[in-house]
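The next block holds one structure in the form of structure tokens; read it before the comments.
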Amino acid sequence: MTSQSTRNFLTDNPELYELRFPDHDHSAGRFLHDVMRTHLTTSTPPDAEYPPAVLDIGCGTGRDMGYLSGLGYRCTGLDCSAEMLRYARSRHRDVRFVEADMREFDVTPGGFDAITCLDSSLLYCHTDDDLRACLDRCRSHTRPGGLLILEMRNGAYFLGNSELLDHPTQFSVQAAGQTWRADTILWIDHGSQLLRRRRVWRGADDEPVVQSSAWRLLFPLEIAGHLSRAGYTI
């Protein structure tokens, strides 16, 4: 590791990711299950002979699809991180995992009852062209009457609210007897409509790892417009 690295430290180290963002009670998976039980009209219940097929975009460590698979869903996880997918495959053997870009994937067109995209993963689409490409891919992979379930940061939160911005924050993660400390600063790139983050990771023996990330700031009417154009009813 060098101070020049700009890789995503947590996605390169999935065990640390799950320590940093634990979900011991499967709150995300239970949320998805509740939404699909309430709104899904394309298929039979998950315990039926032909249960719903679900695609998770930005699946990370695969724990949400692993949980749903245990309930009877036919699950596929998609991510661009080879490290995350190696970790996911070793722990959730009943889930199919695919390495692909969320703007260009071609997994099983028209083959999914529900597509999920959680934890602001959609906001890695920084431009309108990126968003159109991703949502068009989602639409082509969704069966008639299927669901697209998105969960993301609301860009409107930052209108007049700067409590998270422009000042450093710190946290630490402990694993395998070592403590990793992270110093983080967030700021708004107004011209690009992005929330940018610079995070510096420091361990006991390694040089600092610098990680730069950014997320599109979408307002509710914007995402509604993009979804309508892609053929979705909200």
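Hydrogens, waters and symmetry mates are skipped; everything else that's a heavy atom, side chains included, is used.
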(message) Quick check: closest heavy atoms across Ile234 and Ser228, and the distance to 0.1 Å?
(response) CD1-OG, 4.4 Å
(request) Please confirm whether Tyr67 and His33 have ring centers closer than 6.0 angstrom. (result) no
(request) Determine, using ring centers only, whether Tyr17 and Trp180 are less than 6.0 Å apart. (result) no
(message) Would you say Met84 ends up clustered with Leu123 if hydrophobic residues are merged whenever their side chains have heavy atoms under 4.5 Å apart, either directly or through other cluster members?
(response) no
(message) Under 4.5 Å between side-chain heavy atoms, counting indirect links through other Ile/Leu/Val/Met/Phe/Trp/Tyr residues: same cluster for Ile149 and Leu55 or not?
(response) no
(message) Using the side chain to side chain donor-acceptor pair (under 3.5 Å) definition, which of the options Arg199, Arg198, Arg202 pairs with Asp183?
(response) Arg202
(message) When you compare the side chain of Met102 with that of Asp130, does any pair of heavy atoms fall below 4.5 Å?
(response) no
(request) Taking the side chain as every heavy atom from C-beta outward, state whether Asp64 and Leu118 have any pair of such atoms under 4.5 Å apart. (result) yes
(request) Work out which heavy atom in Gly58 is nearest to a heavy atom in Asp79; give both atom names and the distance. (result) C-OD2, 3.3 Å
(request) Report yes if some heavy atom in the side chain of Asp113 is under 4.5 Å from a heavy atom in the side chain of Val54; otherwise report no. (result) no
(request) Can you see which heavy atom on Arg89 is nearest to which on Phe97, and at what distance? (result) NH2-O, 3.1 Å
(message) For a 4.5 angstrom cut-off between non-hydrogen side-chain atoms, does Glu222 reach Pro220?
(response) no
(request) Using the ring of Tyr124 (Phe, Tyr or Trp, six-membered ring only), decide whether Arg216 places NZ or CZ under 6.0 Å from its centre and within 45 degrees of its axis. (result) no
(request) Report the relative orientation of the aromatic rings in Trp201 and Phe9; use parallel for angles under 30°, tilted for 30 to 60°, perpendicular for over 60°. (result) tilted
(message) I'd like to check Arg96 versus Val98 (side-chain heavy atoms, cut-off strictly below 4.5 Å). Are they in contact?
(response) yes
(request) Check whether any side-chain heavy atom of Asp56 lies under 4.5 Å from a side-chain heavy atom of Cys75, and answer yes or no. (result) no
(message) Taking side-chain contact (heavy atoms from CB on, under 4.5 Å) as the criterion, tell me which of Leu217, Asp166, Leu194 meets it with Ile188.
(response) Leu217
